[in-house]
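Please read the structure below before turning to the comments.
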Amino acid sequence: MNIGEIGAVLRRRWYVMAPLTLCGVLAGAQLYQSVPVSYQSQSSVALLDSTAVAQLAPAFGNPIANAGGSLVVTADVLIRTLSGADAARDLHGLGVTDPYTVGFAANASGPMLTLTVTGTNRAKVLKETSTLTDFAGEQLNALQAAAKVQPAYFVQTAPVVLPQTPKPQLKARYQQVLAVVIAGLVAGFIASFVMESLLAGRRRRREAAEAAAGTAVPRGRRRTRHRELDATALLSGYLGLAFFIPSNLTLPGLGGVGTPANVFALLALFWYLATWLTGRIRAAPGTRLPRVVMWLLAVSVLASYLANASRGSSHKEVLGADRGLIGLLVWVSLVVLISAGIQDRARLDVLLRRAVVMGAVVAAIGYYDFFTATNIAEKISIPGLQSSVAQITTLDRGAFTRPRSTTAQPLEFGGMLALLLPFAIQQAFDPVRAHLSRWRRWAPVALMGGALPLTVSRTSIIGALIVVLVMVPRWKPQRRWTAFGLLLGSVAVFKVLVPGLIGTITTLFASFVSNSDSSTQARTVKYSAIVPYLEQRPLFGRGLGTFTPDLYFFTDNQYMLTLAEMGLLGLLALLALFLTGIHQGGAIRRLAADESDRELGQAFFASALVALVSAATFDALSFPMFAGMFFLTIAAGGSYLGFIRRSPPQPRTLENPCPPTPQLPAPQLPAPQPTGARTGRMQPAP
């Protein structure tokens, strides 16, 4: 179904679309009038050490001032105290009844706190901010007095920014109104196509009855001047937006999930719904497994969303949970469009080939970043989009700049290339592409494989090793030994062209084995820090998208992050996704009739195994490009498996020595002769 046909359906069913859209607009207008404007005021305080400090700790007897040797720890203690239930009760008695938050000041390197109060009465908000600022100093003094610290050694609070004049928060109000209007549009869109489907079904039944009665009137098929759209074309648009627009550029108000590629994927989902409701497309047999696993993931995300709503979470956590639902819809749209929307294997081959080619271009941009010691994402600015992070800076390790190309982080860059590398190798060996020149077939392999070490990351090297260990042993000896020779030659080339790179990577793994690497130690420390959050909500978690670094801390581990956000149910759903990809790759290889399909199955197996291992090294699904490629490969594996299961049996060959099971013809019985019929000479029975 093309865009013109979708518009035609909406015009024909205007009596469904218009009322629901009008209801959404009226509800939005009512919400705008009834919801009062919120005002927000802020103040900032800094912690200052006592003037009596003249000796090294702990000679002064102040455990708060010198805990960890930094007042940042003191600030963290004060933040936790002010955020507790006892402090909230005391503040309520002092007249602070509106919601308030206490946290570290943004972009501050020292012990500086920001106090924020939000309410609907401007004068009251300003007064409450002043009360909260004074209360923070009183609580700090009370903590030190309880520890029997001498007053001369008290840490003091010094106001840096006095309570500011409350400013109206219109953004949240407009977002609520816009959400209601969009809900009305979506309801009208879906209801219009449901009505179209019902009326079309009734028309088909009437035409069938007329045909049976012999009174059917032939109807000419309406021609269309528009080119037919399919899922492959739409997904190609998604790939172009995902690969070539930096991941940090998003639509205002949507955060990290508001990338143009994600928004395009949601619009493509509406195309699928319209096409499916009108009966133009049906999910192919044998492709259900990825969608079933996505149902399990969706249930875990919704359960965590309800758990977040029931625990009295902060405003930032509520917004994070909303963004988590948007991210889930994007993932569902990718899986549905690929596994149920692509009906032709040739079109699926085209999609996977385009993903590899675009990934190779992103890898080539990474070479530019590495050798010029810059970041191309800093130079890209698109009107209407804003950066979802405060600042993008180049990351260094050793003497090398770690490239990120158009991704958000070098880990995402390396992980995404490791996901696509197996398919680049399979396509280079594919006999269907043997007529192409060697550089066209092997350029993506060289670009992706060569870019992985440039990230100076253990994740990238482990991903490359997994691809080699999974795919190479399945090859014939001649190809296998050639591959080993090329790998050794590549290492030699890197030692000559990029001196010190191989040594830096070797040092990374050596420090990891000896547990002397600072990044590894930082990760292991967080494992114990996350246990209290798991004990609080072990089954459903705190809500997808709520465990953000500005509220808690970085996890650098997708499994730990999933446990915190979605609990045990979410972890089971995530593992089911990884195991589904591995199972699909193995099944494709087992059922394939030729060597090309067997290598394709092995590529899916290797890609899913890379995702399984990479998820333990960084919070993989928090990065839009990696997450998009992961769900794309999972859905493509299910679609390919369905095509192979439906393919006819192949004749016996050297590659497929087992012949297909012969189909015995049904026995033919002689036709019965009517009683009393005139017969001639008796014929022998067949």
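Just so it is clear, the values below take in all heavy atoms, side chains as well, and ignore hydrogens, waters and symmetry mates.
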Check against side-chain hydrogen bond (donor to acceptor under 3.5 Å, both in side chains), N308 and T546: CA-CA 8 Å; N308 175 68; T546 60; 4.8 Å; no

Residue pair T455 / S460, side-chain donor-acceptor N/O under 3.5 Å: yes

Neighbour count above 12 (heavy atom, 6.0 Å) for W442 CH2: yes

Verdict with reasoning, N375 to Y368, per side-chain hydrogen bond (donor to acceptor under 3.5 Å, both in side chains): CA-CA 8 Å; N375 180 20; Y368 171 82; over 6 Å; no

Distance (rounded to the nearest 0.5 Å) between Q602 CD and R598 CZ: 11.0 Å

Pair F623 + F618: ring centers closer than 6.0 Å: yes

Donor-acceptor pair between Y640 and D349 side chains, under 3.5 angstrom: yes

Contact summary for L296 and A576, nearest pair of heavy atoms: CD2-CB, 4.1 Å

Point-to-point distance, once rounded to the nearest 0.5 Å, from OH of Y367 to CG of L447: 5.5 Å

R438, CZ atom: more than 12 neighbouring heavy atoms under 6.0 Å: no

Check ion pair D597-R590 (N to O, under 4.0 angstrom): no

Nearest atoms (heavy-atom pairs only) where A620 meets A615: CB-CA, 4.5 Å

Test: D369 and R404 ion pair at under 4.0 Å: no

Residue pair R433, Q427: steps toward the side-chain hydrogen bond (donor to acceptor under 3.5 Å, both in side chains) verdict: CA-CA 7 Å; R433 297 183 174 87; Q427 292 173 9; 4.7 Å; no

Donor-acceptor contact present, side-chain S607 to main-chain F604, <3.5 Å: no

Check: L621 main-chain N/O paired with Q558 side-chain donor or acceptor under 3.5 Å: yes

Cation-aromatic face contact R479/F429, 6.0 Å, 45 degrees: yes

Contact summary for P422 and V467, nearest pair of heavy atoms: CG-CG2, 3.7 Å

Step-by-step ring pair (Phe, Tyr, Trp, His ring centres under 6.0 Å) determination, Y238 to F243: CA-CA 9 Å; Y238 165 80; F243 279 123; 8.5 Å; no

Derivation of the ring pair (Phe, Tyr, Trp, His ring centres under 6.0 Å) call for F413 and F626: CA-CA 8 Å; F413 178 62; F626 182 93; over 10 Å; no

